[in-house]
Amino acid sequence: MSPMQISVTPNPAPVDDARLAEVLAAPGFGTHFTDHMLTVEWTPERGWHDARVTPYGPLTLDPATAVLHYAQETFEGMKAYRHADGSVWTFRPEENAARMARSSHRLALPVLDPADFVQCVDALVEVDQRWVPDAEGEKSLYLRPFMFASEAFLGVRPAQHVTFMVIASPAGAYFKGGVKPVSLWLTEEYTRAGRGGMGAAKTGGNYASSLVAQQEATAHGCDQVVFLDAQEGRYVEELGGMNMYFLFDDGRIVTPETGTILEGITRASIIELAGKLGHPVEERRFSIDEWRDGVASGAIREVFACGTAAVVTPVGTLKHAGGEVAAPAGTGEAGGELTRRIRQALVDVQYGRAEDAFGWMHRVV
Ligand code: PLP
Ligand code: COI
């Protein structure tokens, strides 16, 4: 298939160098946006068309725009990393493209061809390449591709006009205070996903549904919320925006199986990296009792969570209505030893400091 034609209209008033340097010195997460954005439209008659990079700016939406009412939407989260030689790379972008295709299928949205997805992301990163921070402090350019029902129509059916966009935002650490164990709140009232639901799709509704549970976590003094399966309320699923891992004293790692959780690209990568480091990973159901008993007996050494935005984050205490599960014995100030090794192995590949043995990196600039 021939590549997509993408027009570029440069921003006539890009952020000046002094201001850009200020932003890149302390980017935070999701607050500053680059000079441009990418947009592609879809209709049943024309398919995907009118791909363009234009100056970043607000959208004008009809109040009847379907996404505002029925949340027919999917999104992705990925990052561009600057290597020491100045080159810019993304991490397994074809996996984000494939996941968006799966999410789109679940949300009855049209599928954007994975090659076109990667080309669109590359086009924006190339135009806004000066926004990719230096590797120092593990900064990156967070990329947010998203697709939404842009038809102005209140009937409940798949939209006949869909818009795909990519925006970009320089990012520092997702959690303030650097790498240190996060505390979790176990919600027993709310669930994230049921059988046949949208748990495996990256769609806004899942995040909307997580917010009240996250509020509950905050009210209990915890950093993040952990969800259990909807059917039995026994099996650990994932956090609001991260997948989970449990390291046992015999070197095994367990991560909850997929189906109702979001299939993280970091998750899949860590399964491969951990294997290479000599730690076999079991993907299976993992009950809250196994967590509690494993920490009590010392069989569980470390717990950690991972995702694109938060990378690899050590998990400390788990609180629930009936009490508390302490941080596992292997949890240090900056997390457990293996958690740190896995984190390092991953970021070293992403920042080009280690050999890319799995062929994960994709050069953009
Ligand atoms: N689970 C949820 C609910 C998420 O939002 C994310 C974030 O992207 C993840 C897991 C981790 O996925 P990935 O590693 O692809 O970023
Ligand atoms: C990500 O890690 O990319 C996420 O999507 C998590 C959150 C920012 C939604």
Side-chain angles (χ1 to χ4, degrees), residues 27-33 73-81 90-103 106 117 121 138 140-147 166-176 182 184 187 190-194 197-211 213-214 217 223-230 236-245 255-274 281 283 304-313 315 342-343 345-347 349-350 358 360 362:
F29 183 84
T31 47
H32 302 283
F33 298 91
E73 185 269 357
T74 63
F75 73 97
E76 272 303 322
M78 49 200 288
K79 284 174 170 172
Y81 307 86
T90 52
F91 181 73
R92 311 186 76 179
E94 66 291 343
E95 295 296 324
N96 295 92
R99 187 170 65 188
M100 178 166 257
R102 296 196 298 274
S103 300
R106 180 63 184 83
F117 174 103
V121 171
E138 281 177 18
S140 59
L141 184 64
Y142 185 78
L143 304 167
R144 174 52 63 86
F146 60 107
M147 189 187 288
V166 187
I167 57 174
S169 173
Y174 187 68
F175 293 116
K176 293 190 192 80
V182 292
L184 301 186
T187 179
Y190 302 107
T191 61
R192 193 185 160 277
M198 341 188 269
K202 204 159 170 67
T203 180
N206 287 336
Y207 299 80
S209 116
S210 77
L211 297 177
Q214 178 61 37
D223 299 310
Q224 292 284 305
V225 60
V226 55
F227 291 97
L228 296 176
D229 76 286
V236 176
E237 300 231 302
E238 60 182 324
L239 309 189
M242 278 180 275
N243 296 121
M244 294 204 70
Y245 292 84
T255 192
E257 68 184 356
T258 55
T260 49
I261 64 166
L262 189 81
E263 292 176 28
I265 292 154
T266 319
R267 176 185 180 279
S269 308
I270 284 177
I271 291 173
E272 296 198 51
L273 279 177
V281 179
E283 296 179 67
F304 61 93
C306 70
T308 297
V311 195
V312 173
T313 299
V315 168
I342 287 178
R343 189 180 196 289
L346 179 68
V347 296
V349 171
Q350 290 171 333
F358 297 103
W360 285 337
H362 166 81

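Just so you know, ligand 1 is whichever comes first in the structure, and atom 1 is the first atom listed for that ligand. One is the number of the first residue; the rest follow in order along the sequence.
A salt bridge links Glu76 to Arg99: at least one charged side-chain nitrogen sits closer than 4.0 Å to a carboxylate oxygen. The pair Arg267-Glu238 does not count as a salt bridge, with every side-chain nitrogen at least 4.0 angstrom from each carboxylate oxygen.
At a 4.0 Å heavy-atom cut-off, the residues surrounding ligand 1 are Arg99, Arg192, Lys202, Tyr207, Glu238, Leu239, Gly240, Gly241, Met242, Asn243, Leu262, Gly264, Ile265, Thr266, Cys306, Gly307, Thr308, listed by chain and number.
Side chain of Ser103 to backbone of Lys202: a donor-acceptor contact under 3.5 angstrom is found. In this structure a side-chain-to-backbone donor-acceptor pair under 3.5 Å is present from Gln214 to Asp223. Within the 3.5 Å criterion, the main-chain N or O of Tyr245 finds no donor-acceptor partner in the side chain of Thr255.
Between the side chains of Thr258 and Glu283, not a single donor N or O lies within less than 3.5 Å of an accepting N or O. There is a side-chain donor-acceptor pair under 3.5 Å between Arg92 and Ser269.
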Ligand 2 N/O to protein N/O, distances under 3.5 Å:
residue  : atom  : partner : partner atom : Å
ligand 2 : 2 (O) : Thr308  : N            : 3.4
ligand 2 : 2 (O) : Ala309  : N            : 2.8
ligand 2 : 3 (O) : Tyr142  : OH           : 2.6
ligand 2 : 5 (O) : Lys202  : NZ           : 2.7

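If you take CE on Met242 and OG1 on Thr308, they are separated by 11.0 Å, rounding to the nearest 0.5 Å.
Here the options are Val349, Ile265, Thr90, the test is side chain to side chain contact (heavy atoms under 4.5 Å, CB included), and the partner is Trp360; only Val349 passes.
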